[in-house]
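Scroll down for the structure; my scribbles are underneath it.
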Protein chains: 2
Amino acid sequence: MSKHVKEMGVLKEHLGKHQLKFTRQRELILDAFLKQEHITAEEMYHQLARKDPHLGLATIYRTLNLFCEAGLAQARHFGTQTQYDNISHKGHHDHLICTGCGKIVEFENCDIERLQEEVASRNGFTIQTHRLELYGLCSPCRQ
Amino acid sequence: MSKHVKEMGVLKEHLGKHQLKFTRQRELILDAFLKQEHITAEEMYHQLARKDPHLGLATIYRTLNLFCEAGLAQARHFGTQTQYDNISHKGHHDHLICTGCGKIVEFENCDIERLQEEVASRNGFTIQTHRLELYGLCSPCRQ
DNA sequence: TTGAAATTGATAAACCGTCTCAATAAAAGA
DNA sequence: TCTTTTATTGAGACGGTTTATCAATTTCAA
C-alpha cells in the first residue's frame with residue numbers, strides 16, 4: 001500500500017535505534033506527510049480527520065517532531081505557525097519573504113545550489129538539506 | 001548622549017510621516033536596540049528593567065515592530081521566539097551545520113549573495129537581509 | 001500469550017505576542 | 001505659556017500555537 005518504502009525504512013531505523021515503536025498513527029502521518037512539500041500540524045490534522053477522526057492534534061505534533069529527529073522533516077517557523085518541510089523534496093525550500101505584507105514567493109536557483117555544494121565540500125561537508133530565506137520588500141510595499 | 005544620530009533621524013522622519021510621536025520610551029529602546037546585533041523583546045525587557053522598571057513589555061513589542069516599519073529592524077522567527085535584527089549591522093550569518101555532531105561553521109560567499117540579489121530583483125524584491133543554513137555531515141561524522 | 005514499556009487521545013497548561021482601555025504625555029494652536 | 005487634541009503608555013486580559021499530563025491502550029520481545 002505505502003509507496004514511501006525508503007522513507008518508511010528511515011523512520012523504522014530511527015525508531016529501532018531509540019527504542020521507539022512503529023504505530024499505525026506514525027505510518028499514517030508519514031504517508032500523508034510525504035505527499036506534500038510542506039505542511040502545518042493543523043493542516044494535517046484536518047486532512048487526516050476523515051481517515052481517522054480520533055487522531056489527536058498532539059499526536060501529530062509529536063510525530064512531526066519525531067520526523068525532524070529522524071531527518072525526514074525540517075521545522076521552519078513562519079509567521080505564528082510552524083511549517084514542517086518534506087526534506088525528500090530537494091531544492092524547493094527557498095523563499096522570498098516580504099517584510100511589509102508577508103507575501104511569500106518560492107524560488108529555485110541551480111546556480112546558488114551549486115555554489116552551496118562548493119562551499120560545503122571546501123569545508124568537508126556533505127549537504128543533506130538547506131534553508132535559504134531572503135527577507136525584503138516587494139515592489140508594492142516599496143510604494 | 002545618544003551616539004545613534006543617523007538612526008534617530010530615520011526614526012524621527014518615519015514618525016513625522018505617520019503622525020506619530022517621539023517619546024522617551026522610543027528613544028530609550030532605540031538606543032538599546034542599536035547596541036546589539038539582534039535581540040528578542042523579552043531580552044530587551046530585562047535589559048531595560050534597571051533603567052526604567054515601569055517600561056512595559058507591550059511597549060517593547062510595539063516599538064520593535066515600529067522599528068521594522070521604519071526600516072531600522074528586521075523581525076525573524078527563530079525557534080519559538082522572534083528575533084529583531086539590527087539592520088545597520090550588515091554581518092553575514094551564513095552557516096554550515098553538521099547534523100551529526102552539531103558543529104557550526106560560519107562562511108561568507110559573495111557569489112551566492114550576488115545571485116540572491118538577482119533572484120530578488122527578478123521578483124521585484126529589495127533584499128533587507130537573508131538567512132542561509134546548509135545542513136549536512138562533516139567529514140568526521142561521515143566516518 | 002503475557003508483561004514491560006512506549007504511545008495515544010483529550011485536555012490542561014505554558015508560551016508568545018497582540019489587544020484593550022483608562023491614564024498620561026507629546027505636539028500643535030491660541 | 002496654557003489649552004486642546006491626539007498618540008502613547010502600562011497593566012493585564014486575551015487568543016492562537018505548541019507542549020505537558022495522565023489514564024487507557026497498543027506495541028513488541030520473551
Side-chain angles (χ1 to χ4, degrees), chain A residues 8 11-30 32-33 38-70 73-85 99 102, chain B residues 8 11-30 32-33 38-70 73-85:
Chain A
M8 207 61 80
L11 176 60
K12 284 185 177 169
E13 194 181 325
H14 178 86
L15 296 176
K17 276 187 189 163
H18 296 81
Q19 297 170 272
L20 305 176
K21 293 171 178 175
F22 186 74
T23 64
R24 185 178 57 77
Q25 289 89 340
R26 285 173 178 170
E27 181 176 17
L28 183 66
I29 294 170
L30 181 57
F33 175 70
H38 50 78
I39 195 169
T40 65
E42 199 75 33
E43 283 166 3
M44 178 158 289
Y45 182 62
H46 290 117
Q47 259 188 41
L48 293 181
R50 287 176 310 153
K51 287 196 176 178
D52 182 349
H54 294 294
L55 187 58
L57 185 56
T59 299
I60 292 180
Y61 273 106
R62 282 185 293 232
T63 306
L64 289 172
N65 287 332
L66 173 72
F67 293 170
C68 290
E69 282 154 27
Q74 184 173 323
R76 186 166 39 91
H77 301 274
F78 237 39
T80 69
Q81 292 199 141
T82 301
Q83 289 278 347
Y84 291 87
D85 292 351
T99 58
Chain B
M8 207 62 79
L11 176 60
K12 284 185 177 170
E13 193 182 323
H14 179 85
L15 296 176
K17 274 187 189 162
H18 296 81
Q19 297 170 274
L20 305 176
K21 293 171 179 175
F22 186 73
T23 64
R24 187 178 56 77
Q25 288 88 341
R26 285 173 179 171
E27 182 175 16
L28 182 67
I29 293 170
L30 181 57
F33 175 68
H38 51 77
I39 195 168
T40 65
E42 199 75 35
E43 284 165 3
M44 178 158 288
Y45 182 63
H46 289 117
Q47 258 186 42
L48 293 182
R50 288 176 307 153
K51 287 197 178 177
D52 182 350
H54 293 293
L55 187 58
L57 186 54
T59 299
I60 292 180
Y61 273 107
R62 282 186 291 232
T63 305
L64 290 172
N65 287 333
L66 173 71
F67 293 170
C68 291
E69 283 154 27
Q74 160 75 57
R76 188 166 42 90
H77 300 278
F78 201 64
T80 69
Q81 291 193 227
T82 302
Q83 288 280 345
Y84 291 88
D85 293 351

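Letters A, B, ... mirror the listed sequences (proteins, then strands); counts begin at 1. Note that the structure is a prediction, hence the values are computed from the model and not measured.
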Using a heavy-atom cut-off of 4.0 Å across all strands, would you classify L57(B) as base, sugar-phosphate, or nothing? nothing

Could you tell me the separation between the CG atom of L64(A) and the P atom of dT7(C), rounded to a whole number of Å? 15 Å

By the 4.0 Å heavy-atom rule, please label E42(A) as base, sugar-phosphate, or nothing. nothing

So, is Y61(B) near the phosphate of dG17(C), with a side-chain N or O under 4.0 Å from OP1 or OP2? yes

Are F33(A) and F67(A) near enough that their ring centres are under 6.0 Å apart? yes

If you find the nucleotide of DNA chain D closest to T80(B) and the one closest to T63(B), which residue's nucleotide is nearer the 5' end? T63(B)

Below the 4.0 Å mark, does dT19(D) have OP1 or OP2 next to a side-chain nitrogen or oxygen of N65(A)? yes

Quickly work out the I60(B) CD1 to dC16(C) P distance and round it to whole Å. 14 Å

Describe the nucleic acid contact of T82(A) in one word from base, sugar-phosphate, nothing, applying a heavy-atom distance below 4.0 Å. sugar-phosphate

Whole-Å distance separating the NE2 atom of H77(B) from the C1' atom of dT18(D): 15 Å

Between T82(A) and A75(A), what is the shortest heavy-atom contact and its length? CG2-CB, 4.0 Å

Let me have a per-nucleotide readout for nucleotides 22-30 of chain D, 5' to 3', with B, S or -, counting only protein heavy atoms under 4.0 Å. -----BS--

Would the distance check show the side chain of T63(A) and the main-chain N or O of T59(A) forming a donor-acceptor pair, the cut-off being under 3.5 Å? yes

Tell me whether the side-chain N/O atoms of T59(A) come closer than 4.0 Å to OP1 or OP2 in dG9(C). yes

Strictly distance-based, threshold 3.5 Å: is any side-chain N or O of R26(A) a donor or acceptor partner for the main-chain N or O of K12(A)? no

Measure OH/Y45(A) against C1'/dT17(D) and give the value in whole Å, please. 14 Å

Distance check, rounded to the nearest 0.5 Å: E69(B) atom CD versus L20(B) atom CG? 8.5 Å

Taking OP1 and OP2 of dA10(C), is either one under 4.0 Å from a side-chain nitrogen or oxygen of H54(A)? yes

Within this structure, what is the CG-to-P distance between L66(A) and dT7(C), rounded to whole angstrom? 8 Å

Y84(B) OH to dT18(C) C1', straight-line distance once rounded to whole Å: 10 Å

Would you say the side-chain atoms of E43(B) pair up with the backbone N or O of T40(B), donor to acceptor, closer than 3.5 Å? yes

Without decimals, in angstroms, what is the distance between L30(B) CG and dT8(D) P? 15 Å

Rounding to a whole Å, what distance do you find between L55(B):CG and dT24(C):P? 17 Å

Phosphate-side-chain proximity, H18(A) and dA6(C), N/O vs OP1/OP2 below 4.0 Å: no

Among dT18(C), dT8(D), dT8(C), find the nucleotide with the atom closest to the side chain of R26(A). dT8(C)

For L64(A) and A41(A), which heavy atoms make the closest approach, and how far apart are they? CD1-CA, 3.9 Å

